[in-house]
Amino acid sequence: MTTDDRHPATEDLRLTKVLAALAEPARLATVRTIAALGDSPCVELRQAAGLTISQPTFSHHQRVLREAGIIRERVQGAQRILSIRREDLDACFPGLLDSVLSTPEHLLSDR
């Protein structure tokens with residue numbers, strides 16, 4: 001069951017998909033940037049997150065995050081606005097998002 005044809009319903013969220021989506025550094029940076037800035041237009045988000053990836057690659061990462069149920073995408077005029085599905089994630093995985101967002105930068109990757 002889905003809330004629409006692009007976003008999984010809350011009851012369909014799975015921890016393995018969420019963790020796999022967050023394990024990729026560009027996707028994690030995207031989520032942390034949305035959390036810091038609030039709802040953000042796609043066009044501005046890539047730059048604000050400090051990502052040096054191409055637009056098609058960024059679009060792919062957005063799709064993975066959306067299909068995992070981490071972000072919601074809505075169209076507002078000519079822009080696509082991304083937001084975190086905080087309520088849904090907290091309902092399914094209490095404390096997970098807060099842990100991800102509060103992790104110090106130096107602990108995020110092995111680089």
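Two residues are said to be in side-chain contact when any heavy atoms from C-beta on lie closer than 4.5 Å; Arg32 and Leu101 meet this criterion. By the 4.5 Å heavy-atom criterion applied to side chains, Arg80 and Gln62 are not counted as neighbours. Put simply, the side chain of Ile53 reaches to within 4.5 Å of the side chain of His61, judged on heavy atoms. The shortest distance between side-chain heavy atoms of Leu96 and Leu89 does not fall below 4.5 Å. Proximity of Arg85 to Pro8: side-chain heavy atoms (C-beta onward) are separated by under 4.5 Å at one or more points. Contact check for Leu82 versus Cys42: side-chain heavy atoms found under the 4.5 Å cut-off.
Counting non-hydrogen atoms of neighbouring residues, nucleotides and ligands closer than 6.0 angstrom, the CD atom of Glu87 reaches no more than 12 such neighbours.
The shortest non-hydrogen separation linking Leu15 to Phe93 is N-CZ, 3.5 Å. Considering all non-hydrogen atoms of both residues, Ser83 and Ile34 come closest at CA-CG2, 4.0 Å. Considering all non-hydrogen atoms of both residues, Leu97 and Val31 come closest at CD1-CG1, 4.4 Å. Closest non-hydrogen pair, Val18 versus Ala68, comes out as CG2-O, 3.6 Å.
Atoms CG and CD1, from Asp88 and Ile71 in turn, are 13.0 Å apart once rounded to the nearest 0.5 Å. Atom-to-atom distance recorded for Arg63:CZ and Arg27:CZ is 9.0 Å, nearest 0.5 angstrom. Distance check, rounded to the nearest 0.5 Å: CD of Glu67 to NZ of Lys17 gives 6.0 Å. With values rounded to the nearest 0.5 angstrom, Glu11 atom CD is found 8.0 Å from Cys92 atom SG.
Using modelled atom types, one side-chain atom of Arg66 and one backbone atom of Arg6 make a donor-acceptor pair closer than 3.5 Å. With hydrogens and angles disregarded, a donor-acceptor distance shorter than 3.5 Å links the side chain of Ser40 to the backbone of Gly38. The backbone N or O of Ile81 lies less than 3.5 Å from no partner atom in the side chain of Gln79, so there is not a single donor-acceptor pair.
Leu37 and Phe58 sit in two unconnected hydrophobic clusters of ILVMFWY residues. Membership requires side-chain heavy atoms under 4.5 Å apart, directly or through other members. Cluster membership check: Leu13 does not share its hydrophobic cluster with Val64, using side-chain heavy-atom separations under 4.5 Å among Ile, Leu, Val, Met, Phe, Trp and Tyr. Ile84 and Val43 are not part of a single hydrophobic cluster, where members link through side-chain heavy atoms under 4.5 Å apart.
The side chain to side chain contact (heavy atoms under 4.5 Å, CB included) test with Leu45 is passed by exactly one of Leu51, Thr33, Asp39: Thr33.
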